Novice: 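First the structure, then my questions, so here it is.
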Amino acid sequence: MNAFSAGSGGPLSLPAISRRALLRGSLAGAGLLALSACRSAADSSPGADAASGGAASPRRGGVLTVGVGVDFTPALLFAQSANSLLQRLVFNTLTRYDEQLRPQPELAKSWEVAADGLSVTLKLREDVTFHSGRRFTADDVVFAVKNLQNPVRSAQLRSTALTVADFRKNGDFELTLVLAHPVSNLFDLFEFMIIPDSESVEDAVAGTRLIGTGPFTFTDRKPGSSLSFARNEKYWNPGRPYLDGVEIKVIPQAETLLSSVKTGQTQLTYSVRGKDVATLKDDKRFRITQYDTGAGAFYIGANLSFPEVQDKRVRQAIAWAIDRDRLVQQALGGYATVSSVPWPKSSPAYREEDAKRYHHDPQKAKALLQEAGVTSLSLPLAHQSDAGSTAVAQILQYDLKQVGIEVQLQPVDSPTMQKQLISQSMPALWTLSHSFSQAHPATLAVSAYPFNEAKNTSKFSSPAYTEVVQKAWNRSDADSPEAKALYQQVTDLLLDEQFIIDLAIAGLVEVAGAQVRGVTLNKYSYLNLDDAYLAG
């Protein structure tokens, strides 16, 4: 078996790190309690060093109040959605990436991937219990994988979970996952897959009981209003968490959320609109941190079952019509990067020339529409009904009108829009933000609903797309020249077909009160409060 150390490499590691060094994980030296956040190099307010706890000694006690714009949807617990902040409060994952996408130990303390990429052996922590008091064992990993394989869970990484064809246990704390074929995004699965309690999983998706192994226990839920969590006194991470509890408040109105932040009723949020964040960045009462993981990318989707957008020249015209710079500055407050591709700069699939492929050129857009024989076009554009999404949609509406495309805005609440995305029932055009470009490039095209090569929201199908995506996914090497050449083929096809029209890459923007320290997010925006505390 090829082996590598979790502390020295990962699936997307630097070329200088050998494959042998990459495929074995070890708890020793991994620094689990000091996992770095996936933050940008420059935080925009004084006290940014407080994120790592460097400005003060950790203090026990207190309840952290987190403001969110969208209510928890229990049925989407195992999917990445607007609910994702709470997953890591209650649950753990097997591994967690650091900033360089190198897997670090969590419930799996070490691992070894076979040289042929057809199996991975996990050694698990032996000191973990569920909130119910039941001991965590290899059986719970088996259940977690099978749970994601269940189509009812709507888990975006289901295709990767389905490659696990067999389980071989060697006692309660060692397990080998046997794969049907090599997959280049195996550790994406381990980062994404929360480990639920098998005895209460149906209660979890009903929203009545959430039992995991994480730092906080679920205590109460008031639908549409709040969720409450208390410290897990028997947490396996020594001395953690510092906080007594967490209160998540649902505040869908942008102005009300901003007011709650300013008055200190909300101490932490990722839901403040970009233009509102700009009003806080010079206020010493707050720390503004922009995550650069590319966990959110704004886009226009086209549903190809509608004849008006079946000609790719029409979709390309839409791509040329949008003033992305104005969108970023006016609607997103500058907290995003203009891009024609889904990849953040940290991705091995990123190339600057691809990101700049489409820019604001109304004349080119009009020429393409004329070439496609389109003299006038009227289309619906669905968008989330919150104020930030509405501002984005209004800019798109204006830009498209300048090239002769009239769009009627259709505001939809977030849970309904998520259901439409999953069920492929979007109108001809919609705008949302997508994820899954922040980890391994193949994950986007086999997992994200807008891009899934087998079944996507746009109902786009192409043998060429399927072939190159499968080649990029069905391999164990993630950073070889051959793999990168495949990523480029995926990018070229996306840029040409434009069934998803990427506009801007934006990670989450964290707004925290100056007293909030030690907060991090994982690559799937799970909120990690193991080391968080409220400074005096």
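Treat the numbers as computed from the prediction; the structure is a model and nothing was measured.
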Novice: Hey, does Ser458 have a side-chain heavy atom less than 4.5 Å from the side chain of Asn303?
Specialist: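 Result no, sub-4.5 Å side-chain heavy-atom pair not found.
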Novice: Enter the distance from Ser340:OG to Leu494:CG here, rounded to the nearest 0.5 Å.
Specialist: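 Here the rounded value is 11.5 Å.
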Novice: My understanding is that only residues two or more places apart in sequence, or in another chain, count here; which of them pass side-chain contact (heavy atoms from CB on, under 4.5 Å) with Pro427?
Specialist: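 By the side-chain contact (heavy atoms from CB on, under 4.5 Å) rule, Pro427 matches Pro380, Ala382, Gln410.
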Novice: Is the backbone of Tyr398 close enough, under 3.5 Å, to the side chain of Gln402 for a donor and an acceptor to pair up by distance?
Specialist: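 Checking the backbone N and O of Tyr398 against the side chain of Gln402, a donor-acceptor pair under 3.5 Å is found.
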Novice: What's the shortest heavy-atom distance between Ala355 and Val341, and which atoms?
Specialist: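 Heavy atoms only, the tightest pair is CA-CG2, 3.9 Å.
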Novice: Can Thr73 and Gln418 be counted as having a side-chain donor-acceptor contact under 3.5 angstrom?
Specialist: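 No donor-acceptor contact under 3.5 Å links the two side chains.
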Novice: Walk me through whether Gln156 and Asn452 qualify under side chain to side chain donor-acceptor pair (under 3.5 Å).
Specialist: CA-CA 9 Å; Gln156 289 96 334; Asn452 192 312; over 6 Å; no
Novice: Which heavy atom of Val250 sits nearest to which heavy atom of Gly224, and what is that distance?
Specialist: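 Answer, listing the atom of Val250 first, then Gly224: CB-O, 3.8 Å.
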Novice: Tell me, please, which residues at least two apart from Phe451 pass ring pair (Phe, Tyr, Trp, His ring centres under 6.0 Å).
Specialist: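 Expected list: His434.
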Novice: Within the distance-only criterion (no hydrogens, no angle test), does the side chain of Gln438 pair as donor or acceptor with the backbone N or O of Lys523 below 3.5 angstrom?
Specialist: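 Confirmed, Gln438 side chain pairs with Lys523 backbone.
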Novice: Identify the heavy atoms of Ala387 and Ala254 that sit nearest to each other, and give their distance.
Specialist: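 Shortest heavy-atom separation between Ala387 and Ala254 comes out as CB-CB, 4.0 Å.
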Novice: Verify ring pair (Phe, Tyr, Trp, His ring centres under 6.0 Å) between Phe229 and Phe216, making sure each step is shown before the conclusion.
Specialist: CA-CA 6 Å; Phe229 306 86; Phe216 296 92; 7.3 Å; no
Novice: Strictly distance-based, threshold 3.5 Å: is any side-chain N or O of Asp188 a donor or acceptor partner for the main-chain N or O of His440?
Specialist: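 It does hold such a pair.
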Novice: Any donor-acceptor pair under 3.5 Å linking the side-chain atoms of Thr416 with those of Asp413?
Specialist: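 Yes - a donor-acceptor pair under 3.5 Å links their side chains.
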Novice: Please assess Asp386 against Arg273 for the test salt bridge (charged side-chain N to carboxylate O under 4.0 Å, His left out), listing each intermediate value before the final yes or no.
Specialist: CA-CA 10 Å; Asp386 63 275; Arg273 293 177 299 184; over 6 Å; no
Novice: Tell me if a side-chain donor or acceptor on Gln424 pairs with a main-chain N or O of Asn456 at a distance below 3.5 Å.
Specialist: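 A pair under 3.5 Å: yes.
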Novice: With side chain to side chain donor-acceptor pair (under 3.5 Å) as the criterion, how do Glu191 and Thr95 come out once you've worked through the C-alpha distance, each side chain's angles and the decisive distance to 0.1 Å?
Specialist: CA-CA 5 Å; Glu191 170 112 351; Thr95 60; 5.3 Å; no
Novice: How many angstroms lie between CZ in Arg96 and OH in Tyr526, if you round to the nearest 0.5 Å?
Specialist: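 Separation between the atoms: 11.5 Å.
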Novice: With no hydrogens and no angle check, is any side-chain donor or acceptor of Glu106 less than 3.5 Å from a backbone partner on Thr93?
Specialist: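 Checking the backbone N and O of Thr93 against the side chain of Glu106, a donor-acceptor pair under 3.5 Å is found.
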Novice: Just how far is it from atom CZ of Arg315 to atom CD1 of Ile500, taken to the nearest 0.5 Å?
Specialist: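 The CZ atom of Arg315 sits 10.0 Å away from the CD1 atom of Ile500.
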Novice: Test His359 against Trp320 for ring pair (Phe, Tyr, Trp, His ring centres under 6.0 Å), laying out the working first.
Specialist: CA-CA 6 Å; His359 52 84; Trp320 287 111; 5.1 Å; yes
Novice: Lys262: what forms a side-chain contact (heavy atoms from CB on, under 4.5 Å) with it, not counting sequence neighbours?
Specialist: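 If we apply the side-chain contact (heavy atoms from CB on, under 4.5 Å) test to Lys262, skipping adjacent residues, the hits are Leu258, Leu280.
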Novice: Please check this pair: side chain of Ser347 against backbone of Trp343, looking for a donor-acceptor N/O pair closer than 3.5 Å.
Specialist: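 No, Ser347 side chain to Trp343 backbone: no donor-acceptor pair under 3.5 Å.
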Novice: As an exercise, state the distance from OG of Ser433 to OH of Tyr299, rounded to the nearest 0.5 Å.
Specialist: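 Interatomic distance, Ser433 OG to Tyr299 OH, rounded to 0.5 Å: 7.5 Å.
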Novice: With Leu64, which of Leu534, Asp244, Ile248 fulfils side chain to side chain contact (heavy atoms under 4.5 Å, CB included)?
Specialist: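 Single pass found, and it is Leu534.
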Novice: Write down the atom of Leu379, the atom of Ala428, and the distance for their closest heavy-atom approach.
Specialist: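 Here Leu379 and Ala428 meet closest at CD2-CB, 3.9 Å.
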Novice: Between the side chains of Gln329 and Asp325, does any donor sit under 3.5 Å from an acceptor?
Specialist: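 No, because no side-chain N or O of Gln329 sits under 3.5 Å from a partner of the opposite role on Asp325.
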Novice: Consider only side-chain N and O atoms of Ser423 and Ser425, and report whether a donor and an acceptor are under 3.5 Å apart.
Specialist: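 Present: a donor and an acceptor within the cut-off.
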Novice: Can you check whether Lys401 reaches Glu406 side chain to side chain, under 4.5 Å on heavy atoms?
Specialist: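 Contact flag for Lys401/Glu406 side chains = yes.
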Novice: CG/Leu76 to CD1/Ile422 distance, rounded to the nearest 0.5 angstrom?
Specialist: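 Rounded to the nearest 0.5 Å, the CG-CD1 separation comes to 5.0 Å.
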Novice: Could you tell me whether the side chain of Asp323 reaches within less than 4.5 Å of the side chain of Leu327, counting heavy atoms only?
Specialist: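 No, every pair of side-chain atoms sits at 4.5 Å or beyond.
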Novice: Any sub-3.5 Å donor-acceptor pair from Glu247's side-chain atoms to Ser226's backbone N or O?
Specialist: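 Not confirmed, Glu247 side chain does not pair with Ser226 backbone.
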Novice: Any Lys/Arg nitrogen of Arg88 or Asp530 sitting under 4.0 Å from an Asp/Glu carboxylate oxygen of the other?
Specialist: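 Salt bridge: yes.
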Novice: Could you walk me through whether Lys222 and Asp220 pass the salt bridge (charged side-chain N to carboxylate O under 4.0 Å, His left out) check?
Specialist: CA-CA 7 Å; Lys222 295 180 176 64; Asp220 187 37; 2.7 Å; yes
Novice: Is there a donor-acceptor pair closer than 3.5 Å between any side-chain N or O of Arg351 and the backbone N or O of Pro348?
Specialist: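 Checked: no pair found.
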Novice: Report yes if some heavy atom in the side chain of Ile194 is under 4.5 Å from a heavy atom in the side chain of Leu77; otherwise report no.
Specialist: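 Yes, side chains in contact.
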Novice: Donor-acceptor pair, Arg324 side chain versus Asp502 backbone, under 3.5 Å?
Specialist: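 It does hold such a pair.
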Novice: To the nearest 0.5 Å, what is the distance between CG (Leu493) and CG (Leu495)?
Specialist: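 The CG atom of Leu493 sits 9.0 Å away from the CG atom of Leu495.
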Novice: Start with the C-alpha distance between Arg287 and Glu510, add both sets of side-chain angles, then the distance that settles salt bridge (charged side-chain N to carboxylate O under 4.0 Å, His left out), and finish with yes or no.
Specialist: CA-CA 8 Å; Arg287 189 183 67 255; Glu510 177 181 292; 3.4 Å; yes
Novice: Taking the side chain as C-beta and beyond, is there a heavy-atom pair between Val272 and Val509 under 4.5 Å?
Specialist: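 Side chain of Val272 against side chain of Val509, heavy atoms only: no contact under 4.5 Å found.
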Novice: Just say parallel, tilted or perpendicular for the rings of Phe436 and Phe192, cut-offs at 30° and 60°.
Specialist: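 Geometry flag for Phe192 against Phe436: tilted rings.
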Novice: Does the Glu453 side chain pair with the main chain of Val469, one donor and one acceptor, at a distance under 3.5 Å?
Specialist: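 Absent.
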Novice: More than 12 heavy atoms of other residues, nucleotides or ligands under 6.0 Å from CD of Glu353: is that the case?
Specialist: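 Counting other residues, nucleotides and ligands, CD of Glu353 exceeds 12 neighbours.
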Novice: Please name the pair of heavy atoms, one in Ser385 and one in Thr390, separated by the smallest distance, quoted to 0.1 Å.
Specialist: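 In terms of heavy atoms, the two residues are closest at O-OG1, 3.6 Å.
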Novice: For the residue pair Thr160 and Trp473, establish whether any side-chain heavy-atom pair is separated by less than 4.5 Å.
Specialist: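 Yes; the side chains approach each other to less than 4.5 Å.
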